[in-house]
Amino acid sequence: IITDELSEHFYNLARVFLNNAIEHTGICISGSCGSGKSYFLKMLAYLLENKSVGEKTTLQYFDDKFQDQAPLLQADFRLIVSQSPMDVVLFNIVNRTLRHSLSRKKDIVAVFLDVFNEMLGFCCDNPWIADLERKMIKDGTYETFKQVYRDLAQITWDGSDGSDEGRDTFHFVFDRDIIIQALVQSKAMTSEEAAGKLYEIANTQPYNISIERFCQIVKEYCDLQGPSHRIVFLVD
C-alpha cells in the first residue's frame with residue numbers, strides 16, 4: 001500500500017535519481033525503530049531493479065498501486081529504470097560483517113567489496129581470488145581456465161553445475177598443484193613460479209583495500225558497461 005508518507009519518500013528519492021546534477025552519491029534513510037526503514041529500502045530495491053517475474057516486471061506489478069494512489073511516481077520510476085542500465089545491490093551489513101571486524105573504517109569497504117564481487121559472480125569469500133578472476137576476465141583467459149580446471153579437478157571452479165566450488169576455502173587450500181597447472185595451461189599466468197607466488201599470497205596474506213581502490217574497481221566496471229551505467233548499493 002502506497003501511503004501518503006511512503007509516496008513522499010519515494011518521490012524525494014525519485015527526484016535524486018532524475019537530477020543529473022546531484023553532488024552527493026549517498027543518502028541516509030533515518031527513522032525510529034520500527035518505522036519501516038527496512039521495508040521501504042526493500043521496496044525501493046525491487047522498483048529500481050525492476051526484475052521480470054513471470055510475464056510481468058516489478059513496475060507492472062506496482063501499476064495498480066501507483067495508478068490508484070501515486071500516479072506521478074509511476075512515471076518517475078519508469079523514467080528512472082529506462083534512462084540508464086542499473087545494478088542494484090541490497091544487503092544487510094550486520095549479517096555481512098560477521099566475518100569482518102569493524103574496528104577500522106576500511107573494514108566496511110571490505111564488506112562492500114564482498115557484495116560487489118558476489119554480484120559479478122566472483123569469489124566473495126577471498127578477495128585475492130576475486131581479483132584473480134577479474135584479471136582473467138580482462139585478459140580473456142577466464143573461460144579457458146575454468147575448463148582446464150574442470151578437466152584436472154573433476155569439479156567446476158565456480159560451482160556452476162551445482163557441485164562444490166573449486167575456489168572455496170577447502171579446495172583452494174588443498175588443490176594447490178591443480179590450480180597452478182590450470183593457471184599456467186590456460187595462460188592466465190606465465191609460469192608455475194608466478195602462479196605459485198600468487199597462490200601463496202592468496203592463502204597467507206591479509207587483503208587490504210582502500211576506499212580509493214574500491215571506487216576505482218567499481219568505476220572500471222561501470223565504464224565497461226557504458227557511460228550511463230549505475231550501481232546502487234542499498235545497505236540495511
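The model shown is predicted, which means the values in this text are computed figures rather than measured ones.
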Original post:
Can you name the ring-ring contact (aromatic ring centres under 6.0 Å, His included) partners of His9, sequence neighbours left out?
Top reply: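 Once residues adjacent in sequence are excluded, the partners of His9 under the ring-ring contact (aromatic ring centres under 6.0 Å, His included) criterion are Phe40.
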**OP:** Could I get the full list of ring-ring contact (aromatic ring centres under 6.0 Å, His included) partners for Phe62, not counting sequence neighbours?
**Re:**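 Listed in chain order: Phe66.
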Holding to side-chain hydrogen bond (donor to acceptor under 3.5 Å, both in side chains), I want the full list of residues that pass it with [X], two or more places apart in sequence or in another chain.
{"X": "Glu49", "result": "none"}
{"X": "Asp236", "result": "Ser38"}
{"X": "Lys42", "result": "none"}
{"X": "Arg134", "result": "Asn117, Asp131"}

**OP:** Name all pairs fulfilling the side chain to side chain donor-acceptor pair (under 3.5 Å) condition that reach into residues 180-196, sequence neighbours left out, sorted by first residue then second.
**Re:**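 Qualifying pairs: none.
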For [X], check salt bridge (Lys or Arg N to Asp or Glu O under 4.0 Å) against everything at least two apart and list the hits.
{"X": "Glu5", "result": "none"}
{"X": "Lys56", "result": "none"}
{"X": "Asp175", "result": "none"}
{"X": "Glu200", "result": "Arg176"}

Subject >> Minimum side-chain heavy-atom gap Asp114-Phe91 below 4.5 Å >> reply: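 Result no, sub-4.5 Å side-chain heavy-atom pair not found.
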Original post:
Do Phe233 and Ile231 come close enough that some side-chain heavy atom pair is under 4.5 Å?
Top reply: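 SC-SC contact between Phe233 and Ile231 confirmed.
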Original post:
Donor-acceptor pair, Asn126 side chain versus Ala202 backbone, under 3.5 Å?
Top reply: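 At least one qualifying donor-acceptor pair exists.
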Original post:
Is a salt bridge present between Arg167 and Asp125, judged by a nitrogen-to-oxygen distance below 4.0 Å?
Top reply: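 Answer for the salt bridge query: no.
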Original post:
Going by an N to O cut-off under 4.0 Å, is there a salt bridge joining Lys219 and Glu212?
Top reply: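 Salt bridge flag = no for Glu212 with Lys219.
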Subject >> Residue pairs, two or more places apart or on separate chains, that pass salt bridge (Lys or Arg N to Asp or Glu O under 4.0 Å) and touch residues 135-147 >> reply: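 Pairs touching residues 135-147 that pass the test: Lys135-Asp139, Lys138-Glu220, Glu143-Lys146, Lys146-Asp158.
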